[in-house]
Structure formats: C-alpha cells, structure tokens
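One-based numbering, in listed order, for ligands and for the atoms of each.
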Amino acid sequence: MPRQYLIFVYGTLKRGFCRAHFLAGQSFLGEALTLPRYRMYNCGTYPGLQLAEDGLEILGEVWSVDEACLVLLDQVEEVDTGLYSRAVIQLARPLPEPVRNTPVEAYFYRPSVAGFPDCGEQWID
Ligand code: PCA
C-alpha cells in the first residue's frame with residue numbers, strides 16, 4: 001500500500017466547506033480535538049491556526065491522504081509562498097490503531113494575525 005499521511009484539517013478543507021473537494025478519494029478518519037495549545041483566527045474567508053500559550057481545543061477532522069494529495073494540499077495552502085507551513089499538531093486523544101503512533105500534521109498560518117478575530121474552537125463560516 002502506498003505511504004499514507006495524516007492531516008488534521010480545521011477550516012475550508014473540512015467536509016462541506018469550499019476546499020473539501022481536494023480531499024475527494026482520501027480517507028476520513030473522524031473528527032478530533034487538539035490539545036489546548038492553539039488559537040484559530042478568521043483571516044478573511046478562511047481560518048489560520050497558530051500556537052498559543054492560552055490556547056483552545058480546536059475542532060477539526062483527521063484524514064489519511066496519499067502523497068499526491070499531500071503535494072496538492074501544500075500547493076492549495078501556499079506552503080511555497082509562506083502563507084502556511086505544515087507541521088505536527090497535538091491532538092487531545094490518541095487515534096485508533098493502526099495509526100495511533102503516526103504523527104498528525106496541520107497547516108499553521110505564518111503571517112501576523114494582528115487584528116483578525118478569534119474564531120473560537122470551530123470554523124463555521
Ligand atoms: N484550509 C486548511 C488550513 C486553513 C484552511 O482554510 C484547513 O482546512 O485545515
């Protein structure tokens with residue numbers, strides 16, 4: 001089986017949102033909460049997640065994706081321009097076997113969020 005990667009999505013990539021189609025054909029593993037180490041900001045039409053001392057448990061979805069999908073997601077989220085970087089995220093509860101020990105990554109927003117509203121725990125726009 002080709003290598004799979006675990007991604008936590010919290011915004012426009014979630015089911016029912018405008019970029020969900022980029023995950024078509026991949027495997028939805030379930031909803032998940034992060035540890036309370038992050039804040040999510042409304043950056044306009046999409047959210048941005050950042051590390052925070054006074055963080056919240058952010059609600060999102062864990063997906064298992066193949067390498068081609070991961071490359072596509074990096075393009076969509078503009079990793080190359082520095083808009084987001086993909087890095088490990090800490091979830092509140094362990095995932096089921098057999099993926100329990102596989103690191104989960106998310107897209108972290110890199111520019112300043114000064115002036116952007118806090119979205120709370122969940123992106124619903
Ligand atoms: N898309 C990615 C990062 C923020 C966004 O809107 C996601 O849904 O996780």
Quiz prompt | Distance-only polar pair, side chains of Asp74 and Tyr107, donor-acceptor under 3.5 Å | solution = yes
Self-check item: Neighbour count >12 (heavy atoms, 6.0 Å) for atom CZ, Arg86
Solution: yes
Exercise. Report yes or no: does a heavy atom of Phe17 sit under 4.0 Å from some atom of ligand 1?
Key: no
Self-check item: Whether Arg19 lies under 4.0 Å from ligand 1, heavy atom
Solution: no
What's the shortest distance from [atom] to any protein heavy atom, and which residue and atom give it?
atom                   : result
atom 4 (C) of ligand 1 : Pro47 O, 3.3 Å
atom 2 (C) of ligand 1 : Glu77 OE2, 3.4 Å
atom 7 (C) of ligand 1 : Gly11 N, 3.5 Å
atom 9 (O) of ligand 1 : Tyr10 N, 3.0 Å
atom 6 (O) of ligand 1 : Thr12 OG1, 2.7 Å

Any ion pair linking [Y] and [X] (charged N to carboxylate O, less than 4.0 Å)?
X     : Y     : result
Glu77 : Arg19 : yes
Glu31 : Arg15 : yes
Glu67 : Arg3  : no

Self-check item: Heavy-atom side-chain proximity of Lys14 to Glu61 below 4.5 angstrom
Solution: yes
Exercise. Classify the contact between Tyr84 and ligand 1 as side chain, backbone, both or neither, using a heavy-atom distance cut-off of under 4.0 Å.
Key: side chain
Quiz item: For ligand 1, which atoms, with element, lie under 4.0 Å from some heavy atom of Tyr46?
Solution: 6 (O)
Quiz item: Once the angle between the rings of Phe116 and Tyr109 is folded into 0 to 90°, is it parallel (under 30°), tilted (30 to 60°) or perpendicular (over 60°)?
Solution: tilted
Practice problem: Look only at interatomic distance and state if Leu13 has a nitrogen or oxygen under 3.5 Å from any nitrogen or oxygen of ligand 1. | Solution: yes
